[in-house]
There are 2 protein chains.
Amino acid sequence: MRQPEHLKIVGLKSTTPRLKILSLFESSQEHHLSAEDVYKLLMASGDDVGLATVYRVLTQFEQAGLLVRNYFEGGKSVFELNQGKHHDHIVCMQCGHVEEFYDATIEARQEKVAIERRFSIRDHSLYIYADCTNKQCPHKDLRADPMPTNKIGAAQSLD
Amino acid sequence: MRQPEHLKIVGLKSTTPRLKILSLFESSQEHHLSAEDVYKLLMASGDDVGLATVYRVLTQFEQAGLLVRNYFEGGKSVFELNQGKHHDHIVCMQCGHVEEFYDATIEARQEKVAIERRFSIRDHSLYIYADCTNKQCPHKDLRADPMPTNKIGAAQSLD
DNA sequence: ATGCAAATGATAACGATTATCATTTGCATC
DNA sequence: GATGCAAATGATAATCGTTATCATTTGCAT
(Lines give C-alpha, C1' and ligand atoms only; values in the text may rest on other atoms or scores of the structure.)
Protein backbone atom coordinates (compact mmCIF):
# COMPACT_ATOMS: atom_id res chain seq x y z
CA MET A 1 0.00 0.00 0.00
CA ARG A 2 2.92 2.35 0.43
CA GLN A 3 5.23 3.60 3.06
CA PRO A 4 4.17 6.51 5.20
CA GLU A 5 7.38 8.47 4.84
CA HIS A 6 6.15 10.68 2.05
CA LEU A 7 3.15 11.77 4.03
CA LYS A 8 5.12 12.47 7.17
CA ILE A 9 7.53 14.59 5.20
CA VAL A 10 4.79 16.90 3.99
CA GLY A 11 3.34 17.11 7.47
CA LEU A 12 0.38 14.79 7.09
CA LYS A 13 -0.49 12.01 9.49
CA SER A 14 -0.22 8.74 7.62
CA THR A 15 -3.70 7.30 7.70
CA THR A 16 -5.12 4.38 5.79
CA PRO A 17 -7.26 6.46 3.39
CA ARG A 18 -4.34 8.74 2.56
CA LEU A 19 -1.98 5.89 1.87
CA LYS A 20 -4.54 4.15 -0.34
CA ILE A 21 -5.24 7.26 -2.36
CA LEU A 22 -1.59 8.08 -2.84
CA SER A 23 -0.69 4.59 -3.97
CA LEU A 24 -3.64 4.63 -6.33
CA PHE A 25 -2.13 7.58 -8.18
CA GLU A 26 1.22 5.84 -8.30
CA SER A 27 -0.15 2.59 -9.65
CA SER A 28 -2.94 3.76 -11.91
CA GLN A 29 -2.63 3.44 -15.65
CA GLU A 30 -4.41 6.72 -16.23
CA HIS A 31 -2.74 9.36 -14.15
CA HIS A 32 -5.37 12.07 -14.48
CA LEU A 33 -8.07 11.20 -11.97
CA SER A 34 -11.09 13.07 -10.71
CA ALA A 35 -12.39 12.71 -7.15
CA GLU A 36 -15.15 10.53 -8.51
CA ASP A 37 -12.61 8.39 -10.38
CA VAL A 38 -10.59 7.90 -7.21
CA TYR A 39 -13.67 7.07 -5.20
CA LYS A 40 -14.87 4.49 -7.72
CA LEU A 41 -11.48 2.89 -8.14
CA LEU A 42 -11.17 2.51 -4.38
CA MET A 43 -14.62 0.99 -4.11
CA ALA A 44 -13.86 -1.34 -6.99
CA SER A 45 -10.78 -2.64 -5.22
CA GLY A 46 -12.72 -3.20 -2.02
CA ASP A 47 -11.24 -0.26 -0.17
CA ASP A 48 -14.05 1.66 1.41
CA VAL A 49 -13.16 5.29 1.76
CA GLY A 50 -15.83 7.94 2.17
CA LEU A 51 -16.35 10.34 -0.70
CA ALA A 52 -15.90 13.31 1.61
CA THR A 53 -12.54 11.93 2.64
CA VAL A 54 -11.50 11.54 -0.97
CA TYR A 55 -12.23 15.21 -1.63
CA ARG A 56 -10.50 16.29 1.56
CA VAL A 57 -7.41 14.20 0.96
CA LEU A 58 -7.08 15.30 -2.66
CA THR A 59 -7.17 18.92 -1.58
CA GLN A 60 -4.64 18.28 1.15
CA PHE A 61 -2.34 16.49 -1.26
CA GLU A 62 -2.62 19.39 -3.64
CA GLN A 63 -1.73 21.85 -0.90
CA ALA A 64 1.13 19.63 0.20
CA GLY A 65 2.43 19.64 -3.35
CA LEU A 66 1.98 15.92 -3.90
CA LEU A 67 -0.73 16.39 -6.50
CA VAL A 68 -1.53 19.02 -9.10
CA ARG A 69 -5.13 20.00 -9.66
CA ASN A 70 -6.47 20.66 -13.13
CA TYR A 71 -9.78 22.34 -13.83
CA PHE A 72 -11.06 20.58 -16.90
CA GLU A 73 -14.07 21.87 -18.70
CA GLY A 74 -17.31 20.61 -17.31
CA GLY A 75 -16.48 22.03 -13.92
CA LYS A 76 -14.79 19.04 -12.41
CA SER A 77 -11.27 18.93 -11.05
CA VAL A 78 -8.79 16.31 -12.21
CA PHE A 79 -5.67 15.49 -10.24
CA GLU A 80 -2.31 14.05 -11.19
CA LEU A 81 0.92 13.32 -9.36
CA ASN A 82 3.17 16.34 -9.14
CA GLN A 83 6.19 15.36 -11.17
CA GLY A 84 7.91 18.61 -10.36
CA LYS A 85 7.94 19.77 -13.93
CA HIS A 86 5.18 22.07 -15.11
CA HIS A 87 3.32 21.11 -18.25
CA ASP A 88 0.15 21.91 -20.12
CA HIS A 89 -2.39 19.53 -21.59
CA ILE A 90 -3.86 18.61 -24.90
CA VAL A 91 -7.10 16.71 -24.62
CA CYS A 92 -8.79 14.56 -27.25
CA MET A 93 -12.45 15.51 -27.35
CA GLN A 94 -13.35 12.19 -28.92
CA CYS A 95 -11.87 9.80 -26.41
CA GLY A 96 -10.82 11.99 -23.53
CA HIS A 97 -7.20 10.97 -23.76
CA VAL A 98 -4.87 13.53 -22.25
CA GLU A 99 -1.31 14.21 -23.34
CA GLU A 100 1.08 16.52 -21.62
CA PHE A 101 3.39 18.99 -23.26
CA TYR A 102 5.76 21.73 -22.38
CA ASP A 103 6.66 24.52 -24.76
CA ALA A 104 9.30 26.93 -23.54
CA THR A 105 8.31 29.52 -26.10
CA ILE A 106 4.72 29.57 -24.92
CA GLU A 107 5.86 29.87 -21.32
CA ALA A 108 8.18 32.72 -22.18
CA ARG A 109 5.59 34.59 -24.19
CA GLN A 110 3.16 34.42 -21.30
CA GLU A 111 5.71 36.08 -19.07
CA LYS A 112 6.18 38.70 -21.72
CA VAL A 113 2.46 39.36 -22.01
CA ALA A 114 2.15 39.71 -18.25
CA ILE A 115 5.11 42.03 -17.93
CA GLU A 116 3.87 44.24 -20.74
CA ARG A 117 0.61 44.67 -18.90
CA ARG A 118 2.31 45.09 -15.53
CA PHE A 119 0.89 41.93 -14.06
CA SER A 120 2.91 39.43 -12.10
CA ILE A 121 1.96 35.87 -12.94
CA ARG A 122 0.82 33.60 -10.18
CA ASP A 123 -0.64 30.81 -12.15
CA HIS A 124 -1.75 29.93 -15.61
CA SER A 125 -3.81 27.37 -17.42
CA LEU A 126 -3.53 26.24 -20.99
CA TYR A 127 -5.65 23.50 -22.42
CA ILE A 128 -5.81 22.54 -26.05
CA TYR A 129 -8.97 20.69 -27.03
CA ALA A 130 -8.52 18.61 -30.13
CA ASP A 131 -9.17 15.37 -31.95
CA CYS A 132 -6.42 12.81 -32.15
CA THR A 133 -7.66 11.96 -35.63
CA ASN A 134 -4.58 10.38 -37.07
CA LYS A 135 -4.43 7.94 -34.26
CA GLN A 136 -8.05 6.93 -34.64
CA CYS A 137 -8.43 7.39 -30.92
CA PRO A 138 -6.61 4.34 -29.67
CA HIS A 139 -7.11 5.58 -26.16
CA LYS A 140 -10.82 5.03 -25.85
CA ASP A 141 -10.57 2.69 -22.90
CA LEU A 142 -8.23 4.64 -20.72
CA ARG A 143 -10.84 6.85 -19.20
CA ALA A 144 -14.11 6.06 -17.50
CA ASP A 145 -16.28 8.75 -19.03
CA PRO A 146 -14.98 9.85 -22.42
CA MET A 147 -15.24 13.59 -22.03
CA PRO A 148 -17.96 16.01 -21.09
CA THR A 149 -20.01 17.35 -23.97
CA ASN A 150 -18.99 20.62 -22.64
CA LYS A 151 -15.34 21.47 -22.37
CA ILE A 152 -13.54 23.60 -19.85
CA GLY A 153 -10.21 25.24 -19.28
CA ALA A 154 -7.84 24.02 -16.68
CA ALA A 155 -5.52 25.55 -14.20
CA GLN A 156 -1.91 24.72 -13.92
CA SER A 157 0.26 25.86 -11.14
CA LEU A 158 3.63 27.08 -12.19
CA ASP A 159 6.32 24.70 -11.06
CA MET B 1 -33.56 48.08 -26.05
CA ARG B 2 -32.20 47.05 -29.43
CA GLN B 3 -33.44 46.10 -32.80
CA PRO B 4 -34.42 42.53 -33.47
CA GLU B 5 -32.50 42.17 -36.70
CA HIS B 6 -29.46 40.57 -35.13
CA LEU B 7 -31.53 37.87 -33.51
CA LYS B 8 -33.50 37.11 -36.66
CA ILE B 9 -30.28 36.76 -38.58
CA VAL B 10 -28.98 34.06 -36.31
CA GLY B 11 -32.31 32.28 -36.41
CA LEU B 12 -33.71 33.27 -33.04
CA LYS B 13 -37.16 34.67 -32.47
CA SER B 14 -36.79 38.18 -31.12
CA THR B 15 -38.34 38.07 -27.70
CA THR B 16 -38.23 40.63 -24.95
CA PRO B 17 -35.84 38.72 -22.67
CA ARG B 18 -33.43 38.08 -25.53
CA LEU B 19 -33.36 41.69 -26.61
CA LYS B 20 -32.80 42.86 -23.06
CA ILE B 21 -29.95 40.47 -22.47
CA LEU B 22 -28.25 41.31 -25.72
CA SER B 23 -28.47 45.04 -25.18
CA LEU B 24 -27.16 44.56 -21.67
CA PHE B 25 -23.93 43.12 -23.05
CA GLU B 26 -23.68 45.98 -25.50
CA SER B 27 -24.18 48.69 -22.93
CA SER B 28 -22.46 47.22 -19.89
CA GLN B 29 -19.25 48.73 -18.62
CA GLU B 30 -17.86 45.33 -17.70
CA HIS B 31 -18.12 43.08 -20.68
CA HIS B 32 -17.41 39.80 -18.93
CA LEU B 33 -20.66 38.77 -17.30
CA SER B 34 -21.79 35.59 -15.59
CA ALA B 35 -25.38 34.35 -15.73
CA GLU B 36 -25.81 35.59 -12.19
CA ASP B 37 -24.39 38.99 -13.14
CA VAL B 38 -26.83 39.28 -16.02
CA TYR B 39 -29.73 38.22 -13.86
CA LYS B 40 -28.89 40.73 -11.14
CA LEU B 41 -28.33 43.57 -13.58
CA LEU B 42 -31.68 42.92 -15.19
CA MET B 43 -33.42 42.83 -11.84
CA ALA B 44 -31.68 46.02 -10.78
CA SER B 45 -32.96 47.81 -13.85
CA GLY B 46 -36.47 46.59 -13.23
CA ASP B 47 -36.51 44.06 -16.02
CA ASP B 48 -37.84 40.82 -14.64
CA VAL B 49 -36.41 37.89 -16.53
CA GLY B 50 -36.37 34.43 -15.01
CA LEU B 51 -33.01 32.99 -14.07
CA ALA B 52 -33.69 29.89 -16.14
CA THR B 53 -34.30 32.09 -19.15
CA VAL B 54 -31.02 33.89 -18.59
CA TYR B 55 -29.14 30.60 -18.66
CA ARG B 56 -31.03 29.39 -21.71
CA VAL B 57 -30.56 32.60 -23.64
CA LEU B 58 -26.86 32.83 -22.85
CA THR B 59 -26.34 29.31 -24.13
CA GLN B 60 -28.35 30.06 -27.26
CA PHE B 61 -26.37 33.23 -27.89
CA GLU B 62 -23.18 31.28 -27.48
CA GLN B 63 -24.34 28.68 -29.99
CA ALA B 64 -25.47 31.39 -32.35
CA GLY B 65 -22.02 32.95 -32.13
CA LEU B 66 -23.20 36.18 -30.54
CA LEU B 67 -21.42 35.50 -27.27
CA VAL B 68 -18.28 33.66 -26.26
CA ARG B 69 -18.31 31.57 -23.12
CA ASN B 70 -15.35 31.50 -20.77
CA TYR B 71 -14.93 28.95 -18.03
CA PHE B 72 -13.28 30.87 -15.25
CA GLU B 73 -11.93 29.05 -12.28
CA GLY B 74 -14.50 28.49 -9.62
CA GLY B 75 -16.70 26.62 -12.03
CA LYS B 76 -18.81 29.48 -13.26
CA SER B 77 -19.14 30.54 -16.87
CA VAL B 78 -18.55 34.11 -17.91
CA PHE B 79 -19.79 35.47 -21.22
CA GLU B 80 -18.69 38.30 -23.44
CA LEU B 81 -19.76 39.67 -26.81
CA ASN B 82 -18.16 37.85 -29.69
CA GLN B 83 -15.99 40.48 -31.32
CA GLY B 84 -14.89 38.09 -34.00
CA LYS B 85 -11.29 38.20 -32.94
CA HIS B 86 -10.01 35.46 -30.71
CA HIS B 87 -8.14 36.44 -27.58
CA ASP B 88 -6.99 35.00 -24.30
CA HIS B 89 -7.33 36.47 -20.83
CA ILE B 90 -5.18 37.62 -17.98
CA VAL B 91 -7.05 37.88 -14.72
CA CYS B 92 -6.04 39.79 -11.62
CA MET B 93 -6.52 37.55 -8.62
CA GLN B 94 -6.72 40.52 -6.29
CA CYS B 95 -9.48 42.50 -7.88
CA GLY B 96 -10.87 40.20 -10.54
CA HIS B 97 -10.11 42.60 -13.36
CA VAL B 98 -9.83 40.89 -16.71
CA GLU B 99 -7.67 42.03 -19.60
CA GLU B 100 -7.62 40.49 -23.02
CA PHE B 101 -4.58 39.73 -25.08
CA TYR B 102 -3.61 38.04 -28.29
CA ASP B 103 -0.17 36.67 -28.93
CA ALA B 104 0.45 35.30 -32.40
CA THR B 105 3.49 33.37 -31.25
CA ILE B 106 1.54 31.54 -28.59
CA GLU B 107 -1.19 30.73 -31.07
CA ALA B 108 1.32 29.43 -33.58
CA ARG B 109 3.17 27.32 -31.04
CA GLN B 110 -0.07 25.67 -30.00
CA GLU B 111 -0.69 24.64 -33.58
CA LYS B 112 2.82 23.28 -33.70
CA VAL B 113 2.36 21.28 -30.51
CA ALA B 114 -0.86 19.79 -31.81
CA ILE B 115 0.57 18.88 -35.17
CA GLU B 116 3.60 17.23 -33.63
CA ARG B 117 1.29 15.02 -31.60
CA ARG B 118 -1.02 14.41 -34.53
CA PHE B 119 -3.96 16.18 -32.99
CA SER B 120 -6.17 18.64 -34.81
CA ILE B 121 -7.12 21.59 -32.64
CA ARG B 122 -10.75 22.33 -32.09
CA ASP B 123 -10.53 24.73 -29.25
CA HIS B 124 -8.15 26.02 -26.67
CA SER B 125 -8.15 27.94 -23.46
CA LEU B 126 -5.42 30.02 -21.95
CA TYR B 127 -5.84 31.95 -18.76
CA ILE B 128 -3.10 33.73 -16.93
CA TYR B 129 -3.82 34.34 -13.26
CA ALA B 130 -1.82 37.19 -11.86
CA ASP B 131 -1.69 40.25 -9.68
CA CYS B 132 -1.83 43.67 -11.28
CA THR B 133 0.57 44.87 -8.60
CA ASN B 134 2.03 47.88 -10.31
CA LYS B 135 -1.38 49.28 -10.89
CA GLN B 136 -2.43 48.84 -7.29
CA CYS B 137 -5.60 47.23 -8.54
CA PRO B 138 -7.44 50.29 -9.80
CA HIS B 139 -10.16 48.01 -11.09
CA LYS B 140 -11.66 46.96 -7.79
CA ASP B 141 -15.10 48.31 -8.56
CA LEU B 142 -15.60 46.89 -12.00
CA ARG B 143 -16.72 43.51 -10.86
CA ALA B 144 -19.35 42.45 -8.38
CA ASP B 145 -17.49 39.67 -6.59
CA PRO B 146 -13.73 40.16 -6.72
CA MET B 147 -12.67 36.66 -7.66
CA PRO B 148 -13.29 33.20 -6.31
CA THR B 149 -10.78 31.95 -3.75
CA ASN B 150 -10.45 29.13 -6.10
CA LYS B 151 -9.40 29.76 -9.66
CA ILE B 152 -10.28 27.94 -12.83
CA GLY B 153 -9.24 27.75 -16.42
CA ALA B 154 -11.35 29.05 -19.23
CA ALA B 155 -12.25 27.98 -22.68
CA GLN B 156 -11.83 30.02 -25.75
CA SER B 157 -13.15 29.09 -29.11
CA LEU B 158 -10.83 29.51 -32.01
CA ASP B 159 -12.10 32.05 -34.47
C1' DA C 1 -2.49 0.95 27.80
C1' DT C 2 -4.30 5.87 27.69
C1' DG C 3 -5.75 10.30 26.00
C1' DC C 4 -6.70 13.50 22.88
C1' DA C 5 -6.18 16.07 18.80
C1' DA C 6 -6.72 14.95 14.21
C1' DA C 7 -9.04 12.26 10.70
C1' DT C 8 -12.91 9.89 8.99
C1' DG C 9 -17.56 8.98 7.05
C1' DA C 10 -22.56 9.61 6.62
C1' DT C 11 -25.21 13.04 5.41
C1' DA C 12 -26.91 17.73 4.85
C1' DA C 13 -25.97 21.87 2.52
C1' DC C 14 -24.36 24.58 -1.26
C1' DG C 15 -23.64 27.00 -5.77
C1' DA C 16 -23.97 26.79 -10.58
C1' DT C 17 -26.56 24.89 -13.90
C1' DT C 18 -30.17 22.06 -16.35
C1' DA C 19 -34.78 19.74 -16.62
C1' DT C 20 -39.76 19.89 -16.12
C1' DC C 21 -44.02 21.64 -17.28
C1' DA C 22 -47.85 24.69 -17.09
C1' DT C 23 -48.57 29.37 -18.86
C1' DT C 24 -47.55 33.07 -22.03
C1' DT C 25 -45.95 35.13 -26.31
C1' DG C 26 -44.24 36.00 -31.13
C1' DC C 27 -45.80 35.93 -35.35
C1' DA C 28 -47.58 33.75 -39.56
C1' DT C 29 -52.17 33.14 -41.34
C1' DC C 30 -56.80 34.28 -42.09
C1' DG D 1 -57.15 42.87 -36.18
C1' DA D 2 -58.43 38.06 -34.51
C1' DT D 3 -56.68 33.17 -34.24
C1' DG D 4 -53.76 29.25 -33.56
C1' DC D 5 -49.91 27.01 -32.48
C1' DA D 6 -45.16 26.19 -32.01
C1' DA D 7 -41.74 28.30 -29.49
C1' DA D 8 -40.33 30.78 -25.40
C1' DT D 9 -40.80 31.84 -20.71
C1' DG D 10 -40.67 31.42 -15.62
C1' DA D 11 -41.32 29.06 -11.20
C1' DT D 12 -39.58 25.34 -9.32
C1' DA D 13 -37.55 20.76 -8.78
C1' DA D 14 -33.65 18.22 -9.86
C1' DT D 15 -28.72 17.39 -10.78
C1' DC D 16 -23.80 17.52 -10.32
C1' DG D 17 -19.54 18.44 -8.22
C1' DT D 18 -18.05 19.92 -4.09
C1' DT D 19 -17.85 21.63 0.84
C1' DA D 20 -19.66 21.86 5.68
C1' DT D 21 -21.34 19.57 9.82
C1' DC D 22 -20.73 16.60 13.49
C1' DA D 23 -20.68 12.35 15.91
C1' DT D 24 -17.48 8.45 15.86
C1' DT D 25 -12.97 6.46 15.11
C1' DT D 26 -7.96 6.43 14.72
C1' DG D 27 -2.94 7.65 14.78
C1' DC D 28 0.42 8.22 17.74
C1' DA D 29 2.84 10.56 21.54
C1' DT D 30 2.95 9.61 26.38
Side-chain angles (χ1 to χ4, degrees), chain A residues 1-5 7-8 10-22 33-40 42-43 47-64 69-79 144-145 147-155, chain B residues 1-5 7-8 10-22 33-40 42-43 47-64 69-79 144-145 147-155:
Chain A
M1 186 156 86
R2 195 173 212 281
Q3 298 313 305
E5 286 76 51
L7 291 179
K8 292 261 181 67
V10 297
L12 291 173
K13 210 179 269 190
S14 67
T15 65
T16 314
R18 285 178 183 156
L19 292 172
K20 282 178 182 165
I21 291 173
L22 188 50
L33 301 173
S34 68
E36 197 67 30
D37 290 337
V38 170
Y39 180 69
K40 284 179 182 162
L42 288 176
M43 296 302 264
D47 299 309
D48 283 19
V49 174
L51 183 56
T53 301
V54 171
Y55 275 100
R56 257 187 314 240
V57 170
L58 290 176
T59 300
Q60 292 163 343
F61 282 3
E62 180 201 8
Q63 290 168 347
R69 180 195 297 256
N70 296 108
Y71 299 88
F72 277 62
E73 287 198 16
K76 64 158 62 173
S77 294
V78 177
F79 297 82
D145 45 322
M147 179 96 302
T149 329
N150 211 359
K151 6 101 226 175
I152 243 205
Chain B
M1 188 156 83
R2 194 172 213 281
Q3 297 312 304
E5 286 77 52
L7 291 178
K8 293 260 181 65
V10 298
L12 291 173
K13 209 179 266 188
S14 68
T15 66
T16 314
R18 284 177 183 158
L19 293 172
K20 282 178 183 166
I21 291 173
L22 188 48
L33 301 173
S34 68
E36 197 66 31
D37 290 337
V38 170
Y39 179 69
K40 284 178 182 162
L42 288 176
M43 296 301 264
D47 300 309
D48 282 19
V49 174
L51 183 56
T53 301
V54 171
Y55 275 100
R56 257 186 314 239
V57 170
L58 290 177
T59 300
Q60 292 163 344
F61 282 2
E62 181 200 8
Q63 290 167 347
R69 180 195 297 254
N70 296 108
Y71 297 88
F72 278 61
E73 289 197 16
K76 63 159 60 173
S77 293
V78 177
F79 298 83
D145 44 322
M147 179 95 306
T149 328
N150 210 359
K151 6 98 221 179
I152 242 205

Give me the atom names and distance for the closest heavy-atom approach of [X] to [Y].
| X | Y | value |
| --- | --- | --- |
| A/Tyr39 | A/Gly50 | CE1-C, 4.0 Å |
| B/Val54 | B/Ala35 | CG1-O, 3.6 Å |
| B/Pro17 | B/Thr53 | CB-CG2, 3.9 Å |

So do [Y] and [X] actually touch side chain to side chain, heavy atoms under 4.5 Å?
| X | Y | result |
| --- | --- | --- |
| B/Glu62 | B/Leu58 | no |
| A/Leu12 | A/Phe61 | yes |
| A/Thr59 | A/Arg69 | yes |

Return the CD1 to CG distance between B/Ile21 and B/Leu33, rounded to the nearest 0.5 Å.
11.0 Å
Nearest-0.5 Å distance that lies between atom NZ in A/Lys20 and atom CG in A/Asp48
7.5 Å
Please report, rounded to the nearest Å, how far the [atom2] atom of [N] is from the [atom1] atom of [X].
| X | N | atom1 | atom2 | result |
| --- | --- | --- | --- | --- |
| B/Arg56 | C/dT25 | CZ | P | 14 Å |
| B/Arg69 | C/dA16 | CZ | P | 14 Å |
| B/Lys76 | D/dT18 | NZ | P | 17 Å |
| A/Tyr39 | D/dT19 | OH | P | 16 Å |
| A/Leu51 | C/dA7 | CG | P | 19 Å |
| A/Lys20 | D/dG27 | NZ | P | 11 Å |
| A/Leu19 | D/dT26 | CG | P | 15 Å |
| A/Leu58 | D/dT19 | CG | P | 10 Å |

Could you check B/Thr16, B/Leu22, B/Thr15 and say which one makes a side-chain contact (heavy atoms from CB on, under 4.5 Å) with B/Arg18?
B/Thr15
Base-pair map of DNA chain D as dot-bracket, where | denotes pairing with a different strand and pairs are Watson-Crick or G-U under 3.5 Å:
||||||||||||||||||||||||||||||
Quick one: the side chain of B/Arg18 and the base of C/dG26, do they pair up donor-acceptor inside 3.5 Å?
no
Report yes if a side-chain nitrogen or oxygen of [X] is closer than 4.0 Å to either non-bridging phosphate oxygen (OP1 or OP2) of [N]; otherwise report no.
| X | N | value |
| --- | --- | --- |
| B/Tyr55 | C/dT18 | no |
| A/Thr53 | C/dA7 | no |
| B/Thr16 | C/dG26 | yes |

Are any protein N/O atoms closer than 3.5 Å to N/O atoms in nucleotides 28-30 of chain D? If there are, list each pair with its distance.
| unit_1 | atom_1 | unit_2 | atom_2 | d |
| --- | --- | --- | --- | --- |
| D/dC28 | OP1 | A/Ser14 | N | 3.3 |
| D/dC28 | OP1 | A/Ser14 | OG | 3.4 |

Among D/dT18, C/dG9, D/dT9, find the nucleotide with the atom closest to the side chain of A/Ser77.
D/dT18
Toward the 5' end of DNA chain D, which comes first, B/Gly11 or A/Ala52, by nearest nucleotide?
B/Gly11
Assign each of A/Asp48 and B/Thr59 to its nearest nucleotide of DNA chain C by heavy atoms, then name whichever residue's nucleotide is nearer the 5' end.
A/Asp48
With sequence neighbours left out, write down each residue that passes side chain to side chain contact (heavy atoms under 4.5 Å, CB included) with A/Ala52, or none if nothing qualifies.
A/Arg56
